[in-house]
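Please read the structure below before turning to the comments.
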Number of protein chains: 2
Amino acid sequence: MEKRNTIQKQLVLDAVHKLANHPTADAVYDMVSAAHPNISKATVYRNLTGMSEEGKLRHIHMPNGADRFDHCLTPHNHIECTICGGVADAPQITPELLDEQAAKETGFTEVTHDVVFYGVCPNCQSNA
Amino acid sequence: MEKRNTIQKQLVLDAVHKLANHPTADAVYDMVSAAHPNISKATVYRNLTGMSEEGKLRHIHMPNGADRFDHCLTPHNHIECTICGGVADAPQITPELLDEQAAKETGFTEVTHDVVFYGVCPNCQSNA
DNA sequence: TCTTTAATAAAATTATATATCAATAAATAG
DNA sequence: CTATTTATTGATATATAATTTTATTAAAGA
């Protein structure tokens with residue numbers, strides 16, 4: 001008796017898949033609580049971080065605002081629009097190289113990294 | 001009469017220089033308030049972000065904990081120890097290339113980025 | 001069905017950062 | 001040097017993101 005499948009956990013996972021576009025915990029809460037009004041925000045947070053640790057989701061730490069969660073598990077980066085705040089996928093760029101080089105030059109081991117790009121999204125470009 | 005030089009601003013700038021190792025706003029506040037007990041935390045935050053915008057300091061947005069501030073203005077990245085939480089300098093890696101490639105593949109313009117590395121620092125390696 | 005205990009709901013708490021606003025003091029003019 | 005202007009400050013309140021706490025609930029195995 002280790003892990004249990006709860007309705008709440010399933011609803012949270014479904015919401016991240018349905019929302020697709022890198023929702024924040026709050027956005028997930030909004031969607032889930034529409035169908036299941038009594039769900040607690042703490043439960044949403046717990047399940048999001050828990051399932052990220054299990055590898056069912058990806059936890060994206062945004063340097064500015066709230067963290068986001070991604071249903072897509074293949075390696076890639078993210079780009080945030082500096083105008084509307086929307087987050088899109090960005091290409092993954094030679095990550096092994098980055099980590100190796102940083103390890104060599106800093107003396108740190110087990111090196112990983114986060115990259116977040118910023119820019120103006122196509123939509124905000126045309127509305128300017 | 002535009003910008004004013006205040007004791008508080010000078011104390012904050014000095015503290016970031018003296019602390020050197022990428023202090024958080026809180027660490028700066030601790031040092032400054034030792035010499036100037038009445039200083040407000042809001043003033044420390046205001047001066048840190050203000051001087052970062054003026055280019056006198058660099059504001060490092062950390063994806064996890066509190067933001068940090070760097071007296072060193074030459075371009076480089078940072079690496080955070082996953083054990084002790086300390087932050088060290090990391091090499092800058094082909095940034096123009098990253099931004100260009102991300103812009104091309106996403107359709108975003110005016111692309112910049114943040115990179116933060118994570119790893120185990122030399123000190124935590126030997127204490128393991 | 002019963003038992004165990006992982007997971008939940010609700011509220012309080014922590015951490016980081018910003019906003020508000022009356023009071024203060026730095027820069028300049030006279 | 002003094003007066004004036006207003007940027008800056010201090011104190012507090014507020015905002016946002018996320019975690020902790022604790023009694024209760026319910027999932028899974030016996």
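Below, read A as the first sequence line, B as the second, and so on, with proteins coming before strands; counting in each chain starts at 1.
Not one N or O on the side chain of A:Asn47 forms a donor-acceptor pair closer than 3.5 Å with the backbone of A:Val12. With B:Thr43 contributing its side chain and B:Ile39 its backbone, the two residues share no donor-acceptor pair below 3.5 Å. When atom types are taken as modelled, the side chain of B:Lys9 and the backbone of B:Arg4 share a donor-acceptor pair closer than 3.5 angstrom. Not a single donor-acceptor pair under 3.5 Å links the side chain of B:Ser33 to the backbone N or O of B:His36. Remark: the backbone N or O of B:Val120 is paired with a side-chain donor or acceptor of B:Gln125 at under 3.5 angstrom.
Side-chain contact, B:His61 with B:Asp114: no donor N or O sits under 3.5 Å from an acceptor N or O. No side-chain N or O of A:His59 forms a donor-acceptor pair with one of A:Asp70 less than 3.5 Å apart. A donor-acceptor contact closer than 3.5 angstrom links the side chains of A:Asp89 and A:His22.
Looking at residues 43-62 of chain A, you'll see A:Thr43, A:Arg46, A:Asn47 sit with a heavy atom under 4.0 Å from some atom of DNA chain C. Using a 4.0 Å cutoff on non-hydrogen atoms, no part of residues 6-14 of chain B comes near DNA chain C. Of the residues in residues 19-33 of chain A, not one comes within less than 4.0 Å of DNA chain D through any heavy atom.
For the pair B:Asn64 CG and D:dA17 C1', the interatomic distance rounds to 13 Å; values are reported in whole Å. Remark: P of C:dT5 and NZ of A:Lys3 are 16 Å apart, rounded to the nearest angstrom. Look at NZ on B:Lys41: it is 17 Å from C1' on C:dA19, rounded to the nearest Å. Between B:Asn38 atom CG and C:dT24 atom C1' there is a gap of 13 Å when expressed in whole angstrom units. B:Arg4 places its CZ atom 16 Å from the P atom of D:dT4, with the value rounded to the nearest Å.
Each of B:Pro37 and B:Asn5 was assigned the nucleotide of DNA chain D with the nearest heavy atom; the assignment lying further toward the 5' end belongs to B:Asn5.
Contact annotation: the side chain of B:Ile93 approaches that of B:Phe117 to within less than 4.5 Å [non-hydrogen atoms, C-beta and beyond]. Between A:Gln10 and A:Thr6 the shortest side-chain heavy-atom distance does not fall below 4.5 Å.
Closest approach of B:Leu19 and B:Ala27 over heavy atoms only: CD1-O, 3.8 Å.
With D:dA18, D:dT8, D:dT12 as the choices, the nucleotide that has an atom nearest any side-chain atom of B:Ala42 turns out to be D:dT12.
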